[in-house]
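Reviewing the structure listed below.
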Amino acid sequence: MENLDVMVLRTLRDWRAAGQRALLATVVRTWGSSPRPVGSIMALCEDGAVVGSVSGGCIEDDLIYRYTQAYAATGSGAESKTIPSGPPTFVKYGITADEAHRFGLPCGGTLELLLEYDPDATALAELVSALEAGRLTKRSVRLSDGAVVLELATAPAELSVCGTELVNTFGPEYRMLLIGAGQLTEYLATMALFSGFAVTVCDPREEYRSAWSVAGAKVLSDMPDDVVTAFKPDRRSCVIALTHDPKLDDLALMEALGTDAFYIGAIGSRRNNETRHQRMAEHFGLNPATLARLRGPIGIYIGSKTPPEIAVSVMAEVLAVKNGIALPRDMEVARAKNERAVPENDAADLVCGVARTPS
């Protein structure tokens, strides 16, 4: 599943390029609890088609009812409804308790939308092209007439709105690079794809690549360190080593640690993690500050033992870091196991639920 914002904007671009009328709705303010955060977007076509969301579905239904022909034939004398034209307008939902209940908002929840009517197809095409090329882009909308200005952005920023304009920064999709094409990688890649990440898998071992079964992930056969260099991880990228083979993992991790990747980690036990840190310090000269960015054992502690459970654990940690959430220390795998006196693995123990094969 691709990045939701890109999907919404690409679909809206195609509608407008085909001459169809459409609107773009953006959540600009919320009070109390709300189903979707500020900056969320959805697009509505004149035929009632919707992509994206601004609520749990009830507000989308109301917008369809108010601005399209979708319900025009329900009952005799039904009023014809069309998407209006003109400058953007604001609309609030959930101001009263009855409205909150009607629109499925949490108790006390209120949200405000900005509706842009018939956004310019050329500007939409430029924005989508920039995002597909991996460029962070600021989109400014003049409230008096809906005119749009696009600029490259140097850092992500929260949506802002004032009396004259709305400014929303759109980023390219998040990317995940996985080293190793084993069973755990398949589960993790699947979860990442559904979470909106673009997934690349690297494994020079033909026996692992030939069994790969997850559609939507790009699979490469080059050496992992070369792949990391070509991947050029940025602040919207994560790199995770999953082979348990230092010959494949270490150089890739070393390359990743020299980038702005928001998450860098490697699978393995507490003992494996300590050994990896020692090895990378002794042989590659990495200092403690650099090694502190290397996560391991990765994931949050949920008592996971099987590949799908471990993938859930790792994906949860990746999403927490991506979203800027500091997890409690007692959720760290190493800390939780130490506090529970969970025995250390040795070289003969199971690795991700699979017996280690002697070399």
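These numbers come from a predicted model, not from an experiment.
- Note: F197 and Y174 have tilted aromatic rings, judged against thresholds of 30 and 60 degrees for the angle between ring planes.
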From CA spacing to verdict: side chain to side chain donor-acceptor pair (under 3.5 Å), E60, S55
CA-CA 7 Å; E60 287 82 352; S55 77; 2.6 Å; yes
With a 3.5 Å cut-off and sequence neighbours excluded, list the donor-acceptor pairs that the side chains of residues 255-262 form with protein atoms.
| unit_1 | atom_1 | unit_2 | atom_2 | d |
| --- | --- | --- | --- | --- |
| T259 | OG1 | A256 | O | 2.6 |
| T259 | OG1 | A261 | N | 3.3 |

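- The salt bridge (charged side-chain N to carboxylate O under 4.0 Å, His left out) analysis of residues 206-228, with sequence neighbours excluded, yields the pairs E206-R209.
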Let me check something: any side-chain donor-acceptor pairs from residues 119-130 under 3.5 Å, sequence neighbours excluded? List them with distances.
| unit_1 | atom_1 | unit_2 | atom_2 | d |
| --- | --- | --- | --- | --- |
| D120 | OD2 | T122 | N | 3.3 |
| D120 | OD2 | A123 | N | 2.8 |
| S129 | OG | A125 | O | 2.9 |

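- For the pair D249 (side chain) and H244 (backbone), a donor-acceptor distance under 3.5 Å is present.
- Counting only distance, with no hydrogens or angles, the side chain of D145 and the backbone of P87 share no donor-acceptor pair below 3.5 Å.
- The salt bridge (charged side-chain N to carboxylate O under 4.0 Å, His left out) analysis of residues 174-202, with sequence neighbours excluded, yields the pairs R175-D234.
- M223 belongs to a hydrophobic cluster whose remaining members, ordered by chain and number, are L248; membership requires side-chain heavy atoms of ILVMFWY residues under 4.5 Å apart, directly or through intermediates.
- Following chains of ILVMFWY side-chain contacts shorter than 4.5 Å, one cannot reach L136 starting from V6, and the two form parts of different hydrophobic clusters.
- Cluster membership check: V239 does not share its hydrophobic cluster with M176, using side-chain heavy-atom separations under 4.5 Å among Ile, Leu, Val, Met, Phe, Trp and Tyr.
- Here R236 pairs with nothing under the salt bridge (charged side-chain N to carboxylate O under 4.0 Å, His left out) rule; sequence neighbours left out.
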Tell me which donor-acceptor pairs under 3.5 Å the side chains of residues 148-166 have, and how far apart each pair is, sequence neighbours excluded?
none

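- In terms of modelled atom types and a separation under 3.5 Å, the side chain of T137 and the main chain of R135 share a donor-acceptor contact.
- Legend: residues meeting salt bridge (charged side-chain N to carboxylate O under 4.0 Å, His left out) with R279, ordered by chain and number and at least two apart, are D250.
- Checked by atom type, the side-chain pair N272/T275 shows no donor-acceptor distance below 3.5 Å.
- Applying the salt bridge (charged side-chain N to carboxylate O under 4.0 Å, His left out) rule to R29 yields the partners E112; only residues at least two apart in sequence or on another chain are considered.
- Not counting sequence neighbours, the partners of E116 by the salt bridge (charged side-chain N to carboxylate O under 4.0 Å, His left out) test are R139.
- Taking Ile, Leu, Val, Met, Phe, Trp and Tyr as hydrophobic and joining them when side-chain heavy atoms fall under 4.5 Å apart, one finds Y208 isolated, its cluster having no other members.
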Donor-acceptor contacts, no H, no angles, side chain residues 308-322, under 3.5 Å, sequence neighbours left out:
| unit_1 | atom_1 | unit_2 | atom_2 | d |
| --- | --- | --- | --- | --- |
| E309 | OE1 | K305 | N | 3.3 |
| S313 | OG | I300 | N | 2.8 |
| S313 | OG | I300 | O | 2.6 |
| E317 | OE1 | Y263 | OH | 2.6 |
| E317 | OE1 | G299 | N | 2.7 |
| E317 | OE2 | R295 | NH1 | 3.4 |

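- Y187 and V199 fall into different hydrophobic clusters, where Ile, Leu, Val, Met, Phe, Trp and Tyr side chains are chained together by heavy-atom contacts under 4.5 Å.
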